Amino acid sequence: MNLTHIEHIGIAVKNLDEAIPYYETILGLKCYAIEEVADQKVKTAFFKVGQTKLELLEPTDANSPVAKFIEKRGEGIHHLAFAVEGVEKALQEVSDKGVRLIDKIPRPGAEGLNIAFLHPKSTFGVLTELCEKK
Ligand code: CMX
């Protein structure tokens with residue numbers, strides 16, 4: 001599999017309006033996009049640091065993965081996303097090697113990416129996303 005870079009780090013927050021000023025005022029980053037991803041039941045806010053992005057995730061539904069994460073573990077780093085060339089082939093490859101897939105086929109994510117998650121129970125505790133530009 002050919003991972004090219006860390007595409008983004010996903011960070012779960014209760015409220016974007018409360019979290020964004022920390023990234024802008026204290027860290028001096030600029031929020032360049034806010035996007036709702038209905039499929040994932042989140043509202044996202046994006047920042048860029050070099051070629052890596054930070055993706056803040058606010059749950060839009062109490063039964064969503066991010067809402068459950070915050071309830072159980074509190075706000076904080078939620079997932080790590082790698083850019084990969086050929087996400088479908090990469091999924092097949094990791095599945096063949098025994099990694100548990102959350103998504104057997106990629107689905108639409110924020111910023112026009114095709115995304116798929118690997119289960120944290122088979123990735124040493126890190127919810128891992130593989131993604132590729134459509
Ligand atoms: N990172 C690491 N571990 C996590 C985790 C995370 N983000 N989320 C859950 N876990 C752990 C739980 O703590 C639990 O561990 P224990 O059994 O030791 O307590 C285990 O994984 C199973 O968790 P669960 O609560 O029983 O299962 P959930 O119903 O919460 O589902 C998961 C967990 C990862 C399968 C689910 O959150 C999922 O499908 N995630 C993928 C989709 C997603 O996260 N979308 C939001 C982001 C979208 C975007 O970036 O656009």
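In each ligand, atom 1 is the first atom listed, and ligand 1 is the first ligand listed. Since the structure is predicted, the reported quantities are computational estimates derived from the model, not experimental observations.
Using a 4.0 Å cutoff on heavy atoms, G125 counts as a contact of ligand 1. Under a 4.0 angstrom heavy-atom cut-off, L57 registers as being in contact with ligand 1.
Every atom of ligand 1 is numbered from 1 in the order shown, and the set under 4.0 Å from a heavy atom of F69 is 5 (C), 6 (C), 7 (N), 8 (N). Of all atoms in ligand 1, numbered sequentially from 1 with element shown, those under 4.0 Å from a heavy atom of K121 are 15 (O), 16 (P), 17 (O), 18 (O), 20 (C).
Between K133 and L113 there is a side-chain heavy-atom pair separated by less than 4.5 Å. With contacts defined as side-chain heavy-atom distances shorter than 4.5 Å, the pair L16/T44 does not qualify. At a threshold of 4.5 Å between non-hydrogen side-chain atoms, the residues E129 and H8 count as touching.
With no hydrogens or angles considered, no side-chain donor-acceptor pair links H78 and E55 at under 3.5 Å.
Considering I102, L80, T128, L127 only, the shortest heavy-atom separation from atom 35 (C) of ligand 1 involves I102. Comparing K43, K72, K68 by heavy-atom distance to atom 26 (O) of ligand 1, the nearest is K72. Considering E55, E71, R100, H8 only, the shortest heavy-atom separation from atom 50 (O) of ligand 1 involves E55.
Under 4.0 Å from ligand 1, not a single heavy atom of K41 appears. Residue-level proximity to ligand 1 for H78 is carried by backbone and side chain together, each with a heavy atom below 4.0 angstrom. By the criterion of a heavy-atom distance under 4.0 Å, the side chain of V66, and not its backbone, is placed next to ligand 1.
Residue L57 forms a side chain to side chain contact (heavy atoms under 4.5 Å, CB included) with just one option from Q40, H79, K43, and that option is H79.
Atoms NZ and CG, from K48 and L29 in turn, are 12.0 Å apart once rounded to the nearest 0.5 Å. Summarising the geometry, atom NZ belonging to K121 is positioned 9.0 Å from atom CZ belonging to R100; distances are rounded to the nearest 0.5 Å.
No more than 12 heavy atoms of other residues, nucleotides or ligands sit less than 6.0 Å from atom CD of E88.
Checking atom 9 (C) of ligand 1 against the protein gives no heavy-atom contact under 4.0 Å.
Considering backbone and side-chain N/O of H119, none are found under 3.5 Å from N/O of ligand 1. Looking at ligand 1, you won't find any N or O of T44 less than 3.5 Å from one of its N or O atoms.
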